[in-house]
Amino acid sequence: MSALINTVLLRPQFSMSMTLSPLQAPITAVFTTFGVLSLGILPSPVAAQPLNPEIKVGIIQRFGSEADDKIEIKATSGDQLTITMERADGGIDKLTTNQLSLDIQQRPLEAPELYERLVLSTHRSFESAEDSANQWRAKGIAVEMAQPGGWQVWAKRDIYHTPLLRRLLLDSITQQGISGPYLDSKVLEVAPQASAVANYYRYNRDEMEISSGDRTILVNGVPYPGDLRLQPNAYGTYTLVNNVAIEDYLRGVVPHEIGPSAPQTAVEAQTILARTYALRNLRRFTVDDYEMCATTQCQVYFGWKDNLPRADQAIAATRGQVLTYNNELIDAVYSSTTGGVTAAFTDVWNGAPRPYLQPVVDSVQGAWNLASRDLSNEQNFRQFISLRQGFNEDGWNYFRWTRKSSLPDLNKELRKYLEGKQHPLADFGTIQSIQVLKRAKGGRIQQLQVVTDKGDIVLVKDEMIRAFEAPNSLLSYLEPLVDGNKQLTGYKFIGGGLGHGVGMSQTGSYNLSRLGWASSRILNFYYPNTQLQPLNPSISYWTEPNPAVAPVAPAVGTTGVEPAPASVTTPAPPSQPSLPVPPPKLPTQVQPPSGQATVTDPATLPIPVQ
């Protein structure tokens, strides 16, 4: 999600920390511990303290992906950092300093190492990846979700843990006519090694914990509340994780998601959604041992940079409030601009329908009757897109748009997308035609057929946005562009909205707030039949769905090779030698300022604590 841009969507373990932030001073509103505040229901007069759990946010997700990556970490004025690191012998090094520099050293491997994953499917969004994962699990395949770039579903590494097991599984899938899964393999001769410089010592460590007295730490000049942890991830690089209380986290999200000019009740609605979204989505990065990211793949989080007083007021006024359905946190997705009609959850992503995420005409003036003029009809849809007034988003740049793309650009974009999926038609020569095959009731494209000289490709739902750069949303249609000889030269995309269009329109909320709507009313408009509650132990963050049997994943295990249980080990073929243990960290030196002595890496020396 991003400030007036697009978003996406969910819960592993979390710490029920009750640490109070500056925003948690007593406020005038009071709640019962299990009472419902919302969407019309008055709060109970019994005071209670809403929960304020800590969450783990990956603020720098792939540190080490570039050889020159650097991070500067400093204490605030008058404070000190405490650095805790484990040595190779199991001992603990602990030191204090006022600053720490992190960089990457390229570590030569004693012998080549195989990095390999069996990728079962690739996706633009976590939501569709999770649905695919559930379908694989329903067929007996142990999987995990990862995000090396785009979202992927992997055969679980600790189950299919040898090259042989992965190939047997892939062969079984291929024999059933499934062409999507593939092996992502590469041989490594060097590996990035995280390295820290503090007090003129250099430390080569894979993990370190960083805390401070006032629980505010500067990362590349930006203050972040809470503590930090550097840790390895699933891609051979590192992630810098911020452990932060949810109410403190919101100070780094709300100003950047809703924008500085948003009226107050729109900011309050955004705050409630951001809180709900984060707590609902804590399971996203289980594979990497943290919970949320800081980009538009989750919610934009910039620490305490450019704090906004209006946002601070909204966080305090709505402290602890979350949006629920049947006493479970909702998928509190939102986007910049809907184009005049919100999308159902299943119009954009795969998965079970969300009753509270259905098409809503984004208008208080009755601009369109969806019940009598369904937008799955192409003629109705084009008439709807021609309307430019009567909606909550009137006047916004992305409410209506037209973008052109040349045939060479379309070919290049589609080819790159197919190559990333190792699609059998990735070597096509040129696109011959593109047409919409199916729309949802709310107008979003469900199937887009691309005819090439090698065969037809059908892009489903948000795959269209992933494959082509021109369309800003699925709420669009296209017209061919031809030259004087009637030869195809490209396509023009005409549509409305920016982003997925599910849930609240951020631009639409501006208008509703200016009409005098309270935040609870705005939320009820975009998420009907939901309830606003203070966060409390009775609320379910997320309930794992019962995976439905659907033709998304192959029935591996019914024929061919049964998935290997965790207790089974299969030796690798002779051509695949056992992977070597990484070599021990070697002492290095750091050049101190002029006039000071050079100090050997204290990996084998006592660490002075200041």
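These values consider heavy atoms only, across backbone and side chains, with no hydrogens, waters or symmetry-generated copies. Numbers here simply count residues along the sequence, with the first being 1.
- Here the side chain of T276 pairs no donor or acceptor atom with the backbone of L329 at under 3.5 angstrom.
- Applying the disulfide bond (SG atoms under 2.5 Å apart) definition to pairs two or more places apart or across chains, those involving residues 257-296 are C293-C298.
- The distance from atom CD of E247 to atom CG of N52, rounded to the nearest 0.5 Å, is 5.0 Å.
- Within 6.0 Å of CG on D184 lie more than 12 heavy atoms contributed by other residues, nucleotides or ligands.
- E378 pairs by the side-chain hydrogen bond (donor to acceptor under 3.5 Å, both in side chains) definition with R382, R439, not counting sequence neighbours.
- At distances below 3.5 Å, at least one donor-acceptor pair connects side-chain atoms of T324 with backbone N or O atoms of Q531.
- In this structure, F285 and W151 have tilted ring planes: the angle between them lies in the 30° to 60° band.
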Can you give each donor-acceptor pair under 3.5 Å made by side-chain atoms of residues 359-369, sequence neighbours left out, with the distance rounded to 0.1 Å?
residue	atom	partner	partner atom	Å
D362	OD1	N392	ND2	2.7
D362	OD1	Y526	OH	2.8
D362	OD2	T338	OG1	3.2
D362	OD2	Y526	OH	3.3
S363	OG	Q365	N	3.0
S363	OG	A367	N	3.4
S363	OG	G390	O	2.6
W368	NE1	R373	O	2.9
N369	OD1	A371	N	3.0
N369	OD1	S372	N	3.2

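- Atom CD of residue Q297 and atom OG of residue S125 lie 8.0 Å apart, to the nearest 0.5 angstrom.
- From L273, atom CG reaches atom OH of Y527 across 4.0 Å, with rounding to the nearest 0.5 Å.
- Note on residues 505-519: no pairs pass salt bridge (Lys or Arg N to Asp or Glu O under 4.0 Å), not counting sequence neighbours.
- Heavy atoms from other residues, nucleotides or ligands lying under 6.0 Å from CD of E469 number 12 at most.
- Less than 6.0 angstrom separates the ring centroid of Y224 from the ring centroid of Y301.
- Tested against Q270, the residues E257, Q506, R275 include a single side chain to side chain donor-acceptor pair (under 3.5 Å) partner, Q506.
- Counting non-hydrogen atoms of neighbouring residues, nucleotides and ligands closer than 6.0 angstrom, the OH atom of Y235 exceeds 12 such neighbours.
- In the model, S132 has a side-chain atom that pairs as donor or acceptor with a side-chain atom of S121 under 3.5 Å.
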- Query: Could you go step by step and tell me if Y477 and F384 meet the ring-ring contact (aromatic ring centres under 6.0 Å, His included) rule?
  - Reply: CA-CA 11 Å; Y477 65 94; F384 177 86; over 10 Å; no

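- Without hydrogens or angle criteria, T342 side chain to Q358 main chain gives a donor-acceptor distance under 3.5 Å.
- Between R310 and E268, none of the side-chain N atoms (NZ, or NE/NH1/NH2) sits under 4.0 Å from a carboxylate O, so this pair counts as no salt bridge.
- Under a 3.5 Å cut-off, the side chain of D288 and the backbone N or O of Y290 do not form any donor-acceptor pair.
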- Query: side chain to side chain donor-acceptor pair (under 3.5 Å) between T543 and E328: does it pass, once the steps are laid out?
  - Reply: CA-CA 8 Å; T543 302; E328 179 176 318; 2.7 Å; yes

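- Once rounded to the nearest 0.5 Å, the distance linking OG of S505 with CH2 of W396 reads 8.5 Å.
- In this structure, D306 has no side-chain hydrogen bond (donor to acceptor under 3.5 Å, both in side chains) partners at least two apart in sequence or on a different chain.
- Side chain of R62 to backbone of I60: no donor-acceptor contact under 3.5 angstrom is found.
- Listed by first and then second residue, the salt bridge (Lys or Arg N to Asp or Glu O under 4.0 Å) pairs involving residues 140-150 are E144-R157 (not counting sequence neighbours).
- Aromatic ring centroids of Y277 and W542 lie 6.0 Å or more apart.
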- Can F126 and Q147 be said to form a side chain to side chain contact (heavy atoms under 4.5 Å, CB included), step by step? CA-CA 9 Å; F126 172 84; Q147 194 208 21; over 6 Å; no

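- In this structure, Y356 and Y325 have tilted ring planes: the angle between them lies in the 30° to 60° band.
- Side-chain atoms of S386 come within 3.5 Å of backbone atoms of Q383 as a donor-acceptor pair (strictly under, hydrogens ignored).
- Atom CG in L459 sits 7.5 Å away from atom CG in L418 (nearest 0.5 Å).
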- Message: Pair W349, E130 - check side chain to side chain donor-acceptor pair (under 3.5 Å), show working.
- Response: CA-CA 10 Å; W349 305 300; E130 183 174 53; over 6 Å; no

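- Note that CG of L478 is 6.5 Å distant from OH of Y491, once rounded to the nearest 0.5 Å.
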